[in-house]
Amino acid sequence: MRLLIVNPYASGVTDVRVEKVRAALGDVSLEQTLHPGHAIELAREAGDAEAVYVFSGDGGFNEVLNGIGPDTPVGFIPGGGANVLPRALGLPRDPIEAAEHVAAGTPRRISLGRVNGRRFGFSAGVGFDAEAV
């Protein structure tokens with residue numbers, strides 16, 4: 001099973017884009033998040049999925065990183081305002097192009113950080129920085 005987790009509240013996510021991303025990824029199951037933390041639950045429930053794709057902003061990417069197992073491939077589809085993680089990985093800013101790229105690409109390992117038991121993909125902050133984000 002391949003799963004597409006979508007945050008419908010992310011600023012760059014629309015119904016039309018979801019369908020185009022889904023088409024670019026091929027045969028995927030679709031789950032939409034309903035509340036903060038839901039992407040963590042969906043990623044955990046995916047268990048030993050062949051792959052998990054996330055069409056969201058950076059918060060959704062972080063949630064999925066905290067829900068998946070260590071060997072589950074993840075594709076990050078930019079759907080937020082900043083999309084720092086997909087940009088850092090060199091993915092296209094356009095969500096449809098990014099979906100085509102991850103669908104056709106070769107998996108690679110990335111390093112994750114961990115603070116207070118939570119994983120993160122690109123940065124962590126404390127104090128004012130954390131509050132601002």
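Worth saying up front: this structure is predicted, and the values here are computed from it rather than measured.
A distance of 9.5 Å separates OG of Ser29 from CZ of Arg2, quoted to the nearest 0.5 Å. With rounding to the nearest 0.5 Å, the separation of NE2 in His38 from CD in Glu63 is 9.5 Å.
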What pairs of donor and acceptor atoms, side-chain ones from residues 82-99 against any protein atom, are under 3.5 angstrom apart with sequence neighbours left out?
residue : atom : partner : partner atom : Å
Asn83   : OD1  : Gly79   : N            : 3.2
Asn83   : OD1  : Gly80   : N            : 2.9
Asn83   : ND2  : Gly80   : O            : 2.9
Arg87   : NH1  : Ala82   : O            : 3.0
Asp94   : OD2  : Ile96   : N            : 3.1
Asp94   : OD2  : Glu97   : N            : 2.9

For residues 40-51, which side-chain donor-acceptor pairs fall under 3.5 Å, sequence neighbours excluded?
none

Pairs of donor and acceptor atoms involving the side chains of residues 3-27, under 3.5 Å and at least two apart or interchain, shall be tabulated with distances.
residue : atom : partner : partner atom : Å
Asn7    : OD1  : Tyr9    : N            : 2.9
Ser11   : OG   : Gly81   : N            : 3.3
Thr14   : OG1  : Arg17   : N            : 3.1
Arg17   : NH1  : Gly12   : O            : 2.8
Arg22   : NH2  : Val28   : O            : 3.4

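Two residues are said to be in side-chain contact when any heavy atoms from C-beta on lie closer than 4.5 Å; Ile77 and Val54 fail this criterion.
Leu34 and Phe55 fall into different hydrophobic clusters, where Ile, Leu, Val, Met, Phe, Trp and Tyr are joined by side-chain heavy atoms under 4.5 Å apart, directly or via other members.
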